[in-house]
Amino acid sequence: MKLSVTDRTLPRYHLVGTLLVVLALSLALGASFLWTSYAEHRDALVRLEKNFENKKQERLRAEMASAIAYLDFVHSRSEAVLRHALEEKVSMAMQTAQGIYEREHGRRPEGEVKRMIIDALRPQRFFEGRGYFFIDDSAGRCILLPTAPALEGTSLWDNKDDTGHYIVRGLLEAARSGTEGGFSSYRWYSPVDAARMSDKLAHVRLFAPYGWIIGTGDYLYRWEETRLKEGLDRLRAWNFGDTGHFMVMGSDGRLLLQPPSGRGTDELQLGAVGSPVEQAIRQDMLKLARAGGGLLTYSGRGRGEDGTDTRSAYVMAYNPWKIIVIASIFEQEMQSALATERTAAAVALSGRVPYLLVVVAATVGVALAASLLFSNWMRRLFAAYHEKLEAHTQTLEAQAGELRLAGHVFESSREGIIVTDPQTRILAVNPAFTQITGYAAAEVMGQTPSFLSSGEHDASFYNAMWKSIRDTGSWTGEIRNRRKDGSLYPEQISIGTVRGPAGDVRHYVGTFLDITERKETENRIRHLAEFDALTQLPNRALLGDRLAQAIAHAQRNDEQLAVLFIDLDRFKNINDSLGHAMGDRILQEVATRLRRLVRQTDTVSRLGGDEFVVLITGLEQPGYAVTTAQKILATLGEPYLIDKHELLITPSIGVAMYPTNGTDTGTLLKNADAAMYHAKNSGRNDFQFFTPEFNHWVTERLRIENGLRHAVERNELRLHYQPQVDLLSGQIVSCEALLRWRTEDGTLVPPNRFIPVAEETGSIHTIGHWVLDEACRQLRQWDNEGAAPIRMAINVAVPQLRRQDFLDHVRETLARHGLPPGRLEIEVTESVFLDLDSQTGQTLRNLTDLGVILSLDDFGTGYSSLSYLKHFRFDVLKIDRSFVSELHCNRDDVTLIRAIVSIARDMSLITVAEGIESAEQQRILTELGCSAGQGYHFSRPVPAAELALQIRRTAPSAAHTTAG
């Protein structure tokens, strides 16, 4: 059937078609909603079941992880508890032996004293009767062995366990490993199985008077059995949820822990005796544990609807004790919650279906009514459209003439023109665009103008440009773009927006001019105004601008800066004798040398004639300006070879510091100029600071710096030694080497004046090598003279620790003087952690690995000391004298020292209190548990010979002789 389309029938066809389409879409939409709801319900149930299963597994894994972590903790305590018990027993034996020796030595024959010690230790038993004390001498001969008296007097030197380990040799090595002895592990026959060896741990100490090693030991498995019982007791009481509990089996399937019954369910019994089903479950658990562990579901008698108890279990082997841990939970505990969620989801779905049907019916009704209204409205619009079409045709004819005129202007304009659509795709360009950019019209059509970007403008620039275009409709400014040949050019561009009658964006039109020549002219004018024509250095105007900016920056960041005013000495003589051309070439060479000396952030300027100014920014301390001034004096004082003329010119330099010598541009330049004239009046070829006091400081610092360079070779350095005394016995156990410097003229320079200079100039390395060598030499000399062995403590600065060869030098020095590493104590202050780098940290760790004693000085004065005690193995903590000076009258100091001593004791560190000046302070420190002390109460720092006498007076042998 052929449809007749006229002005009257077209709206009717439109109405019928619209109604049919709306009805079909509404029905399809309703069916889609119903199907989607059903699918969502089905997916929700699947997710719900998966979520509950994941939660169940996560819960079992979490409980298992907690149980394993607890067993690890309990297991880790086995050897630690045994070590502590062995140390206590051996310490008791050592006290017994030492007490008998001190009481009877000299009064009875040595053999009788030895027999008294042996008889005192032989009957002692402990560790449930397993423990006893044994004694061997340094040659491996058995002195005391209560369990095998027949072996006493025989050599056990070649006794080995089943791994080939020499037992007695290992004990001797452990006893000599430190002043407190050490531990040795070996295997020996167990009392419960005389045919098989078991792991055993022994603690031994050296009894120095007779060269004996005294020790005791016990079997590790006995201590681990106790810890295992403790772990099983904890798991027996460990419940989670309503039905969750733990079971434990041995690796052979033997049940070690069965949860208690009577909790509302008939628990499944997995003992050795049980039904075939239960035995099969036990075997499955064993296989799963041996395969690495995992989840297992099993059924048994219980409270389920079908009379069974379905449980989910997580099985894992705990290898240190060769046991298998099972965490299980009742499956119905999780399923009840899942069933509740399923019911709620089904109810929600059934409630949605009627609602969807009502919505579909309402949608169809509204759509039909809207279609009728829309059809009537379209009929009226269609009539009006005919009238407007006629009027529009006449308007187009009139505009065609205007477009021909605009096209002529577009083609003939000297400005580049580019037209884009609202998406900035290029629609048209004129010939001037091609002439400026090098791109033909065919190459750019459809592209965006971004292909012309030079890359010198960031995203924020373009964001601001387009914001202006959107807000105001236009933007005008300068921009740098790239031509087709790759060259960059600046352009002045204006971008406007063409909008339709409704205000919508139709086009963007950009017009631009190449302004390369104009910019080059501006740059030449600016350079002539700001730079010196002869040297190309910044002139006075640009210097003033940069100095003002530098002052503002220094004020904001609390920094310092320096202004160096330089004038060439007797430069006028060169101009008068060799001519101005030669003078100009010298000035150019001076500018070149100055530019090489300074950083890029600094400024070198020529004010005129032979006057130059150097601006140095970002100074941390005024001393850095001294270094720069010295470099300028040395560099400008070198000969100038120009046209076969070798000329010598020296500078005079005046230095003014911000903010000390001025806070504005004019004041700083004026004061630097005045300081320069002071340098000329002082003999030229020199530099002077504007402040007289700072000049004095510079002079004194240079004197110390120059003196330190020759202090070692002139034999001006000396070491004095201050003893460190055991607070209980009064015996000197160590001493601190303190550096002294007496110059050639007899002046004694304090360390706090010359050590910082030595660190800054680098001479600290030469001085530090001398101190280390001299201290070790003196310690070896005291040993050769028969003095009691003590430790030697030396202070080491941070720059020394940063040298990669420091450890090698320590090792070589100890070897050269024949000293073991444990006799040397390296002291570092807490300031080493302020700027801790990888090399310093590695040096500290290597020193402890070598065996050198590491001491932390001035402990407690700051820098988060406690955090670094975790990362570095210090042996000694030195309590700062500020805590000791008012100890007898300040309870806060007592509390602080008690805390420090407690920390040191827990970490097995020696504590040394500095600045002890009275017997009362010594008594309080002794009561607080401090190990050693240092201060004027015992001795001031003294020469080596005097300290040797003090060592002999406090040695144990000297005390016994006096008592006799």
Side-chain angles (χ1 to χ4, degrees), residues 84 87-88 91 178-180 721-738 751-752 790-796 822 825-834 836 844 848 852-941 950 954:
H84 181 69
E87 285 182 333
E88 287 185 344
S91 177
T179 58
E180 297 300 323
Y721 305 90
Q722 188 172 29
Q724 296 176 357
V725 178
D726 185 283
L727 295 181
L728 285 174
S729 65
Q731 179 183 351
I732 296 177
V733 295
S734 180
C735 69
E736 181 178 0
L738 300 171
N752 61 353
I790 65 172
R791 295 195 310 274
M792 176 68 71
I794 65 170
N795 293 278
V796 174
E825 181 177 325
I826 297 293
E827 286 192 14
V828 298
T829 63
E830 291 180 331
S831 60
V832 73
F833 302 120
L834 282 176
L836 184 66
L844 291 174
T848 55
V852 172
I853 303 300
L854 201 59
S855 174
L856 183 59
D857 200 4
D858 300 335
F859 182 77
T861 57
Y863 311 130
S864 301
S865 308
L866 294 178
S867 64
Y868 292 106
L869 289 180
K870 296 192 307 182
H871 299 94
F872 297 96
R873 301 197 305 272
F874 286 98
D875 302 286
V876 179
L877 291 185
K878 298 193 72 175
I879 303 173
D880 189 69
R881 65 181 64 248
S882 62
F883 298 127
V884 179
S885 60
E886 299 182 0
L887 184 62
H888 57 286
C889 61
N890 190 329
R891 298 303 302 173
D892 291 338
D893 287 340
V894 173
T895 302
L896 287 172
I897 292 179
R898 180 181 290 111
I900 293 173
V901 170
S902 176
I903 293 171
R905 184 187 301 111
D906 292 341
M907 301 185 73
S908 301
L909 303 179
I910 300 171
T911 50
V912 179
E914 296 182 298
I916 301 178
E917 298 183 353
S918 67
E920 177 67 11
Q921 292 174 347
Q922 179 184 358
R923 182 188 64 79
I924 296 174
L925 289 167
T926 303
E927 293 176 354
L928 293 175
C930 187
S931 307
Q934 176 180 350
Y936 287 175
H937 175 61
F938 304 110
S939 173
R940 292 176 177 270
Q950 296 184 25
T954 63

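These numbers come from the heavy atoms of this one structure, side chains and all, not from hydrogens, waters or symmetry mates. Positions are given from 1 along the sequence.
At least one side-chain heavy atom of Asp857 sits less than 4.5 Å from a side-chain heavy atom of Glu914. A 4.5 Å side-chain heavy-atom check between Leu856 and Val876 finds every atom pair outside the cut-off. Contact of the Tyr936 side chain with the Pro941 side chain is registered, since non-hydrogen atoms from C-beta on lie closer than 4.5 Å. Contact annotation: the side chain of Ile910 never approaches that of Asp875 to less than 4.5 Å [non-hydrogen atoms, C-beta and beyond]. With a 4.5 Å cut-off on side-chain heavy atoms, Met792 and Cys735 count as touching. Looking only at side-chain heavy atoms (C-beta outward), Val725 and Thr954 stay at 4.5 Å or farther from each other.
Among all heavy-atom pairs drawn from Ile916 and Gln922, the shortest one is CG2-N, 4.1 Å. In plain terms, the two heavy atoms of Asp726 and Ser729 that are nearest each other are OD1-N, 2.9 Å. Residues Ala737 and Ile794 come closest through the heavy atom pair CB-CG2, 4.1 Å. Considering all non-hydrogen atoms of both residues, Leu909 and Phe874 come closest at CD2-O, 2.6 Å. Taking all atoms of both residues into account, the shortest heavy-atom contact from Leu925 to Ala913 is CD1-CB, 3.6 Å. Across all their heavy atoms, Cys930 and Ala932 have their closest contact at SG-O, 3.4 Å.
For the residue pair Gln722 and Glu736, no side-chain donor N or O sits within less than 3.5 Å of a side-chain acceptor on the partner. With hydrogens and angles left out, the side-chain atoms of Gln921 and His937 include no donor and acceptor closer than 3.5 Å.
Note that CZ of Phe938 and CG of Leu727 are 5.5 Å apart. Values are rounded to the nearest 0.5 Å. Summarising the geometry, atom CD1 belonging to Ile879 is positioned 5.5 Å from atom CD1 belonging to Ile897; distances are rounded to the nearest 0.5 Å. The OH atom of Tyr721 sits 14.0 Å away from the CD1 atom of Ile732 when rounded to the nearest 0.5 Å. With rounding to the nearest 0.5 angstrom, the OG1 atom of Thr829 is 8.5 Å from the CG atom of Asn795. Thr895 OG1 to Phe883 CZ: the interatomic distance, rounded to the nearest 0.5 Å, is 12.0 Å. Considering CG of Asp893 and CD1 of Ile900, their distance stands at 9.5 Å, rounded to 0.5 Å.
Ser855 places no side-chain N or O within 3.5 Å of a backbone atom of Glu827 that could act as its donor or acceptor partner. Judged by distance alone, the side chain of Thr911 and the main-chain N or O of Ser931 form a donor-acceptor pair under 3.5 Å.
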